[in-house]
Amino acid sequence: MAEYSKDEIRKIEDKWRNRWVENKVYKTELDPAKPKYYVLDMFPYPSGAGLHVGHPLGYIASDIVARYKRVKGFNVLHPMGFDAFGLPAEQYAIEHGIHPAISTQENIQNFKRQLGKIGFCYDWDREVQTCDPKYYKWTQWIFLQIFDSWYNRKKEKAERVAELIKTFESEGNKQHAFPNTKFRLANDKDVFTSVEWKSFDEKTQQEILMQYRLAYLAYTDVNWCEALGTVLANDEVINGVSYRGGFPVVKRQMRQWSLRITEYAERLLKGLEEIDYSDSMKEIQRNWIGKSVGAKVVFNLKSEKAIVPSMTVFTTRPETIFGVDFMVVAPEHEMVKDITSAAQQGEIDKYLKYVESRSEIERMAEVKKISGAFTGAYAINPFNNKQIPVWISEYVLAGYGTGAIMGVPCGDERDHKFARHFNLPITNIIGKYYDGTDANPTYDAILENSDFLNGLPMREGITVVVKKLEELGIGTKQINYKMRDAGWSRQRYWGEPFPVIFRDDIPYAMEEKDLPLTLPPSDNFKPSGSGEGPLANLKEWINIGPHERRDSNTMPTHAGAAWYFLRYMDPHNDKEFAGRKSLDYWNQVDVYVGGSEHAVAHLLYARLWTKVLADLGYINFDEPFKKLINQGKITGISKFVYRAVFRVFYPGGPGDITPLLLVSKGHYEAINNSTLDEATGEKMFTQALDQFKKLIINNTIETNNYEFRQNIDILEIEYNSSHPIRIYTQLAIQEDKSSNGWVLDIDKFKNWSEKSWSEAKNLGLFLENDRYICGSSIEKMSKSLFNVENPDDVIEAYGADTLRIYEMFLGPLEQSKPWSTSGIDGSFKFIRRFWNLFHDNGNFKISDAEPTREELKVLHKTLKKVEQDIENFSFNTSVSEFMICANELTSLKCNKRAILEPLVIALSPFAPHVAEELWEKFGHKDTVLNAKFPQYDEQYLKENAFNYPISINGKVRAEMKFGLDMSKEDIEKNVLASEIVLKWTEGKAPKKVIVVPGRIVNVVL
RNA sequence: GGCCAGUUAGUUAAGUGGUCAAAAACAUUUGAUUUAAGCUCAAACUCUUCGGAUUCACAGGUUCAAAUCCUGUACUGGUCACCA
């Protein structure tokens, strides 16, 4: 007896998982005789929470592709590994005193156990872990190759620094200007001759080379997070606070490693054209790179001190130069102090102070706020000598373009607002396109008030102006990118150490034979606070000799992830990062599956490293991923309590006090609405405050931090809406589904040991109807949100095959969707129904009879659809097709080998365990992985007659069967003669009859 | 706010001009089986006087023919966010 029951499923799945491992069926070898196919998942960060149901979504999809390609005859590389360096392990170490190496290994083991249960066809012999010295030896090695490279703009590729030195020795740097245009030599020049080069001392030479290296050390503005004691990447900062923890982030100058990715901006942009990423993904990358084409224009300056003769602006609209009514310079711009007039000094100082006081968060939150100050200086329009006032304002960014702009209020919205706010005149150069109230950034206008440009369409004006500027030597065409060089230093322990040695502050590459530079053992992971990372605490390790020391920083997690797909090709090579033969054979990743949250950083760095390695001749492709699929997130419902912060003022007290109060959902909404809508909401807000006052007076609210005395005389209570407000919890119960309310288990919550909420014991709770209703929202699954669903539970109840089918059936792969197990029965029933086709009363029973034409049609229709759907990554529809097929064969009572055997192969990528079992029952000794995917045959899909829908005035009224070879005229005759049509025409001749062969007949009356 | 994508039955979701009252699954209801529940099987699931009528966010348009193409509106999601 073998029903597809829970016990049977476990038996089958365990049996095959073990057998796959024993027989090493997933072992991949290089085989030039076969075409290769490389299917890659974004490797996971092994978090302590383990795998949740969102992880496998992409893995299942890629596993289906891998298995499918294998039965299609490809030699498939489908590896898995772990992105194992990173901040969370280090934080965990600080909190729990467990070394990152240990917790990381534990987490990896847990991940592997969970992954193993889902039946993925990974070749675990190729596993990589970025924290393994055998692996990061090569991360360091590649870093050194980048360090030893510079970008030759003439050839548009990276070259060795030795080449550059040769050039300097023979002709100086006249052919290759400093990439950083602001850099100056000691003599304030930016060019040197070969003679000068040779005269420079070692330190100067190294400094100059550093200006060219693709991995370079420089003082850069970084996002410094005091609370985490470390620098964060731009994508780790969200709305001015850290992605992890939500701590404030400020700008700070530090000497850091950077990768000169800006040199590759154009190639990264161009490369997008030849790779198959989704349009939105490409758009995000283009956005990030942020190319804009315009011109640099020099304006002469008239200022009291006359120190600065001119200023340069960057504009994408040089043709609007006659519409310039003011100039705006970034407050941080170095020329500000030199152009400010005595009369305006006070004004400017006041404004600079204001800018300095503004936090990053405020600046971002108040984007619309207009502010600025006049310097007292004037720029001169080179074409009409008009005097243009020079202002400063924080809406102009120091780091982009030249840090100065020309203000054209009639064409630019921000400039327009600025002009309005400060009552500056607005010159209209676009005629009727400017309506006097709003700027119009049109390109369509014919220029007016524009001297030699009058009458020209704006588009043509651009080239005319640029030409003129160039003739006069006061401007050139200029391309700018928003993208900045990538900060590559992290003040952390758990990462790759930089393989360099500083001698008298000059970094030198370590020799290859000395790699890897292993991470020294340590149990102190706390940042030193000075801005240096934890490694600075290890004095013996850092200081090698009197003039020699190591770098105390480590690389970001992006480093290990920037090239791991190459290591999979040859993971045990200890002579090279990967052997040339393997690199050439496996080549690009054919399909890369992962989340869109890595759209920018990871993908760009991986593309960058690939391009550098290609330029240096190590590999023969310069884009790593041919095709990218972004699976959607599986979301979960997270529940949280609202933490409202009130400030209480009372007489004689030490000041104001801010007790903690958790307000139930209804109250929270009342309070919040009232802050938005004063007219109607005021009353609700007052009520909430009154209630709160009562709670305090009745001494119901206490905190550990503040003592409340009875009979306290409260002067004023104010609600502080800017305070962080959510505390996530799993201690919420849904009592009745209709109201959608999650009720907090208050007792448990008060004793909750969660670190983020240790003050819970003496909570003030503002209840509604004696219950605390939690807020809830659908969000990405994450341990920190307590909304994680574990796949182990599903496998326990239904088996891995059902999980695989179900996750694929949920909807389109690229779409995000909330997790719910409500439909999982359908997937399970489908497998059972499929299984039952092969069984009669639990016994395997198959017929060798010839299949009928109808059965063959079902088979080939399914094969065709499934094949097409897999190629299109439309797995939900292929599952649906299998369901239709199983339903049809069930009603045909088909148990014929000729039909079912090919179906087992076709289903094997989706449900490998059950497929193997059935395959074995057919008498096969070898795994179904070595079978051949059955090719569908069109001849079984063809019909020789067609059931024509007969529509009258576009509405289908009847059906008539005609041969597909019947002529239009004959069909028309037959249709018009038919009873049903005669009934509608009532004897009258139709206006028109449309016959579309093989489709439809339409009679128009 | 800019850009991009989307809006289909109670739910998830297929469907890029005709074979569409719209696949598949879930949920719901009914019947068979069962002592019963579950499972399984069969069927119903916009309205209907059984002729048909009205439907794929809303409003227009193109066409012999529109869920599908075009225009506008509303809403939802993603993404970037003072980048000159």
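It should be emphasised that the depicted structure is a prediction, and the values quoted were computed from it without experimental measurement. In what follows, chains are A, B, ... by sequence order, proteins preceding strands, each numbered from 1. No hydrogens, no waters, no symmetry mates; every other heavy atom, side chains included, goes into these values.
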Worksheet, complete the sentence: RNA chain B nearest-nucleotide lookup for A:N1002 and A:V996: closer to the 5′ end is A:V996

Worksheet item: Given that A:E283 and A:A398 both sit by RNA chain B, which one's nearest nucleotide is further toward the 5' end?
Response: A:E283

Practice prompt. Using heavy atoms and a sub-4.0 Å distance, could you list which residues of residues 321-332 of chain A are near RNA chain B? By number, please.
Written response: none

Which pairs would a plain distance check flag for residues 401-409 of chain A, meaning a side-chain donor or acceptor within less than 3.5 Å of a matching protein atom at least two apart in sequence or in another chain?
unit_1, atom_1, unit_2, atom_2, d
A:T402, OG1, A:T312, O, 2.8
A:T402, OG1, A:F314, N, 3.4
A:T402, OG1, A:A404, N, 3.4
A:T402, OG1, A:A404, O, 3.2

Take the protein atom [atom1] of [X] and the nucleotide atom [atom2] of [N], then report the distance between them rounded to whole Å.
X: A:K817; N: B:U76; atom1: NZ; atom2: P; result: 22 Å
X: A:Y395; N: B:C82; atom1: OH; atom2: C1'; result: 9 Å
X: A:R957; N: B:A65; atom1: CZ; atom2: C1'; result: 13 Å
X: A:K282; N: B:C4; atom1: NZ; atom2: P; result: 16 Å
X: A:K417; N: B:A84; atom1: NZ; atom2: C1'; result: 15 Å
X: A:D415; N: B:A84; atom1: CG; atom2: C1'; result: 7 Å
X: A:W288; N: B:A81; atom1: CH2; atom2: C1'; result: 12 Å
X: A:Q815; N: B:C4; atom1: CD; atom2: C1'; result: 15 Å

Discussion item. Tell me which pairs pass side-chain hydrogen bond (donor to acceptor under 3.5 Å, both in side chains) where either residue lies in residues 991-1004 of chain A, with sequence neighbours left out.
Written reply: A:S951-A:N1002

Item to complete: Tell me the partner of B:A74, counting only Watson-Crick (N1-N3 plus N6-O4 or O6-N4) or G-U wobble (N1-O2 and O6-N3) with both under 3.5 Å; none if nothing fits.
Response: B:U7

Worksheet item: Paired with B:A44 by Watson-Crick or G-U wobble geometry, both distances under 3.5 Å: which nucleotide is it?
Response: B:U28

Practice prompt. Can you label the angle between the A:F882 ring and the A:F830 ring as parallel, tilted or perpendicular, going by 30° and 60°?
Written response: tilted

Practice prompt. Name all residues meeting the ring-ring contact (aromatic ring centres under 6.0 Å, His included) criterion together with A:Y277; count only those two or more places apart in sequence or in a different chain, and write none if there are none.
Written response: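 Checked A:Y277 against ring-ring contact (aromatic ring centres under 6.0 Å, His included); zero matches.
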
Practice prompt. For A:F873, enumerate each residue passing the ring-ring contact (aromatic ring centres under 6.0 Å, His included) test, keeping only those at least two apart in sequence or located in another chain.
Written response: none

Worksheet entry | Those residues that, when tested against A:K865, pass side chain to side chain donor-acceptor pair (under 3.5 Å) (two or more places apart) |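 Side chain to side chain donor-acceptor pair (under 3.5 Å) list for A:K865, sorted by chain: A:D869.
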
Worksheet item: Taking only residues two or more places apart in sequence or in another chain, which ones pass side chain to side chain donor-acceptor pair (under 3.5 Å) with A:K864?
Response: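 Partners of A:K864 under the side chain to side chain donor-acceptor pair (under 3.5 Å) test: A:E938.
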
Discussion item. Just to be sure I understand the rule, does A:V1003 reach a base, reach only the sugar-phosphate, or reach nothing, if contact means heavy atoms closer than 4.0 Å?
Written reply: nothing

Practice prompt. Give every residue pair that meets the salt bridge (Lys or Arg N to Asp or Glu O under 4.0 Å) criterion with at least one member in residues 286-298 of chain A, sequence neighbours excluded.
Written response: A:E266-A:K291, A:E283-A:R286

Practice prompt. Tell me, please, whether A:Y443 has A:R317 positioned over its six-membered ring: NZ or CZ under 6.0 Å from the ring centre and within 45 degrees of its axis?
Written response: yes

Polar atoms only, N or O, under 3.5 Å: list the protein pairs with nucleotides 23-25 of chain B and their distances.
unit_1, atom_1, unit_2, atom_2, d
B:A23, N3, A:S880, OG, 3.4
B:A25, OP1, A:N887, ND2, 3.1

